[in-house]
Amino acid sequence: MDYEVGKIVKLKKKHPCGSQEWEILRVGADFRLKCMGCGHQIMVPRKMVEKNTRGLREKDLQF
């Protein structure tokens, strides 16, 4: 998959707030992800994100 800053990744497990979708803020050996439900930010290893990804989409543009 092509992970890029600004895309939305759907992960296998839910965040405690109930959301499964995360916005990618940083790509590298580690990913910085922001929860789309509550805005919490985490750093996780690339290997974990690649293993647990269930979907990848573009961020919806809102005007």
Side-chain angles (χ1 to χ4, degrees):
M1 292 192 162
D2 189 26
Y3 297 99
E4 294 177 2
V5 173
K7 288 195 174 182
I8 306 298
V9 64
K10 184 174 181 180
L11 298 180
K12 192 188 308 186
K13 292 188 176 182
K14 289 185 179 180
H15 189 247
C17 74
S19 177
Q20 285 183 296
E21 294 189 329
W22 298 79
E23 180 181 357
I24 300 173
L25 301 177
R26 178 182 180 276
V27 177
D30 293 321
F31 281 37
R32 177 173 293 280
L33 302 175
K34 182 173 89 171
C35 178
M36 296 300 288
C38 65
H40 183 77
Q41 293 186 16
I42 59 172
M43 288 284 287
V44 291
R46 173 182 281 271
K47 193 170 189 175
M48 193 195 97
V49 174
E50 290 175 347
K51 177 183 171 192
N52 293 311
T53 297
R54 292 293 171 254
L56 189 65
R57 66 177 175 86
E58 295 290 331
K59 186 173 183 178
D60 297 330
L61 298 177
Q62 297 183 8
F63 296 96

> Measure the spacing between NZ of K59 and CD of E4 and express it to the nearest 0.5 Å.
14.5 Å
> Hey, could you give me the CZ/CD1 distance between R32 and I42, rounded to the nearest 0.5 Å?
9.5 Å
> Quick one: CE on M36 to SG on C17, what's the gap to the nearest 0.5 Å?
11.0 Å
> Side-chain contact, heavy-atom cut-off 4.5 Å: K34 with H40?
no
> Crowded around K10 NZ? As in, over 12 foreign heavy atoms under 6.0 Å?
no
> For the backbone of F31 and the side chain of R46, can you confirm whether one donor and one acceptor N or O come within less than 3.5 Å of each other?
no
> For K14 and Q20, which heavy atoms make the closest approach, and how far apart are they?
CG-CG, 3.4 Å
> Taking the six-membered ring for Trp, are W22 and H15 parallel (under 30°), tilted (30 to 60°) or perpendicular (over 60°)?
perpendicular
> Determine the minimum heavy-atom distance between T53 and Y3, stating which atoms define it.
OG1-OH, 3.0 Å
> Nearest 0.5 Å, please: how far is CD in Q41 from CD in E23?
9.0 Å
> Within a radius of less than 6.0 Å around NZ of K51, do more than 12 heavy atoms belonging to other residues, nucleotides or ligands occur?
no
> Please walk me through it: do I24 and V49 pass side chain to side chain contact (heavy atoms under 4.5 Å, CB included)?
CA-CA 10 Å; I24 300 173; V49 174; over 6 Å; no
> For the residue pair L25 and V5, establish whether any side-chain heavy-atom pair is separated by less than 4.5 Å.
no
> So how far is it from N52 CG to K47 NZ, rounded to the nearest 0.5 Å?
12.0 Å
> Side-chain heavy atoms nearer than 4.5 Å, only ILVMFWY residues, links allowed to pass through others: does that put V44 and I8 together?
no
> Looking only at atom types and distance, does a side-chain atom of R26 sit under 3.5 Å from a main-chain N or O of D30, one as donor and one as acceptor?
yes
